[in-house]
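Note sheet for the following structure.
From a predicted model like this one, the values you see are computed outputs, not experimental measurements.
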There are 2 protein chains.
Amino acid sequence: MSLPRNTKAKQAVLDEINRSTYALSQPELFERVKGTCDRVTVYRILDRLVAENKIHRIVNVDGTLNYAACIQCDTHNMHAHDHLHFSCIECKKIECLSEQSVQVQLPSHYQIKELFLTISGICPTCQVD
Amino acid sequence: MSLPRNTKAKQAVLDEINRSTYALSQPELFERVKGTCDRVTVYRILDRLVAENKIHRIVNVDGTLNYAACIQCDTHNMHAHDHLHFSCIECKKIECLSEQSVQVQLPSHYQIKELFLTISGICPTCQVD
DNA sequence: TAATTAATGCAACCGAGTTGCGTTTTGCAA
DNA sequence: TTGCAAAACGCAACTCGGTTGCATTAATTA
Ligand SMILES: [Mn+2]
Ligand SMILES: [Mn+2]
Ligand SMILES: [Zn+2]
Ligand SMILES: [Zn+2]
């Protein structure tokens, strides 16, 4: 495998992801780093950051791809995402609920590789009551 | 709301979904009912079947949308999908694991509406050992 | 059988993501 | 410091899943 290089565009994208409290899509990220690089470059940067275990990809309930920082992963250099994601039907934001971990039990002969757990609903910010 | 009508295209799509042991995408479904209707019609039929609670939409781990029959839903006329989905990284098929139900506990002020629980791995058919 | 309108076909469009290729940068070593 | 290999980039073209508008067809119901 080739050794990764650091560029200002890559750093800009990673900064935006780290700064955000919720997961961001490529269009959102491109909007935020506009001027630093081409939109295709954002796609390629995201792929690299995922490969380097710096961020992880979250599929929202409507199929849109979003990217969030790896919090617990990088410390032990392993990529375990057995945590919940919350997708708000109001503000459309999807966030990691790192604290809530879930273990499930499968029928036999099913080999688990990764968990994708997303809950759709209304986030605290969008509560009206 | 307008009352739904039954057409042969709609019935053909529903038959394919009911017949299948795993969830099907629009392109797959269009391929299977080819000749009976236009590809746009398949999209509209799927939207209607979802609205009528006859099928449900499953987002796969790569963001592709798939459709599966509602097994337990239609009997009690409610749409609860708190069951697991299994997505095989070999054959790419995604299926409902209706038996395995999971209840999770959220932080306060999060209002749950729907659960999307998908496990990625290797299905029994694709096991080599 | 006629009227109402849900459903369809078709063409055009949209947006996320990909690919190819020539050019620019980065990191490292001479 | 400079030179080099290849990682990263810009740009244009493309793919593909999905949507929209509108005129036409067909399912229901009286
Ligand atoms: Mn996460
Ligand atoms: Mn299901
Ligand atoms: Zn919200
Ligand atoms: Zn399989």
Any donor-acceptor N/O pair, A:Glu52 side chain to A:Pro4 backbone, under 3.5 Å: no
For the student: nearest non-hydrogen atoms of B:Thr21 and B:Glu95, plus distance: O-CB, 3.9 Å
Value in whole Å for how far the P atom of D:dG10 lies from NZ of A:Lys34: 14 Å
Spacing between B:Tyr43 atom OH and C:dC14 atom P, to the nearest angstrom: 17 Å
OG-OH distance between B:Ser20 and B:Tyr22, expressed to the nearest 0.5 angstrom: 5.0 Å
Side chain to side chain contact (heavy atoms under 4.5 Å, CB included) evaluation trace for A:Ile119 with A:Phe86: CA-CA 5 Å; A:Ile119 290 180; A:Phe86 191 86; 3.9 Å; yes
Euclidean distance, atom OH of residue B:Tyr67 to atom P of D:dG17 [Å, nearest integer]: 12 Å
Rounded distance in Å - CG (B:Leu65) to C1' (C:dG15): 14 Å
A:Leu46 CG to D:dC9 C1', straight-line distance once rounded to whole Å: 15 Å
Distance, rounded to the nearest Å, where A:Asp62 contributes CG and D:dT19 contributes C1': 15 Å
Expected output: side-chain B:Asp62 to main-chain B:Thr64 donor-acceptor under 3.5 Å: yes
Heavy atoms of other groups near B:Lys34 NZ, more than 12 under 6.0 Å: yes
Length of the line joining B:Gln11:CD and D:dA26:P, which is rounded to integer Å: 18 Å
Polar atom pairs (N or O), protein with nucleotides 5-9 of chain C, under 3.5 Å:
{"residue": "C:dT5", "atom": "O2", "partner": "B:Arg5", "partner atom": "NH1", "Å": "3.2"}
{"residue": "C:dT5", "atom": "O2", "partner": "B:Arg5", "partner atom": "NH2", "Å": "3.1"}
{"residue": "C:dA6", "atom": "O4'", "partner": "B:Arg5", "partner atom": "NE", "Å": "3.1"}
{"residue": "C:dA6", "atom": "O4'", "partner": "B:Arg5", "partner atom": "NH1", "Å": "3.4"}
{"residue": "C:dA6", "atom": "O4'", "partner": "B:Arg5", "partner atom": "NH2", "Å": "3.3"}
{"residue": "C:dA6", "atom": "N3", "partner": "B:Arg5", "partner atom": "NH1", "Å": "3.4"}
{"residue": "C:dA7", "atom": "OP1", "partner": "B:Arg5", "partner atom": "N", "Å": "2.8"}
{"residue": "C:dT8", "atom": "OP1", "partner": "B:Thr7", "partner atom": "OG1", "Å": "2.9"}
{"residue": "C:dT8", "atom": "OP2", "partner": "B:Arg48", "partner atom": "NH2", "Å": "2.2"}
{"residue": "C:dG9", "atom": "OP2", "partner": "B:Asp38", "partner atom": "N", "Å": "2.7"}
{"residue": "C:dG9", "atom": "OP2", "partner": "B:Thr41", "partner atom": "OG1", "Å": "2.6"}
{"residue": "C:dG9", "atom": "N7", "partner": "B:Arg44", "partner atom": "NH2", "Å": "3.1"}
{"residue": "C:dG9", "atom": "O6", "partner": "B:Arg44", "partner atom": "NH2", "Å": "2.7"}

Whole-Å distance separating the CD atom of B:Glu28 from the C1' atom of D:dG18: 16 Å
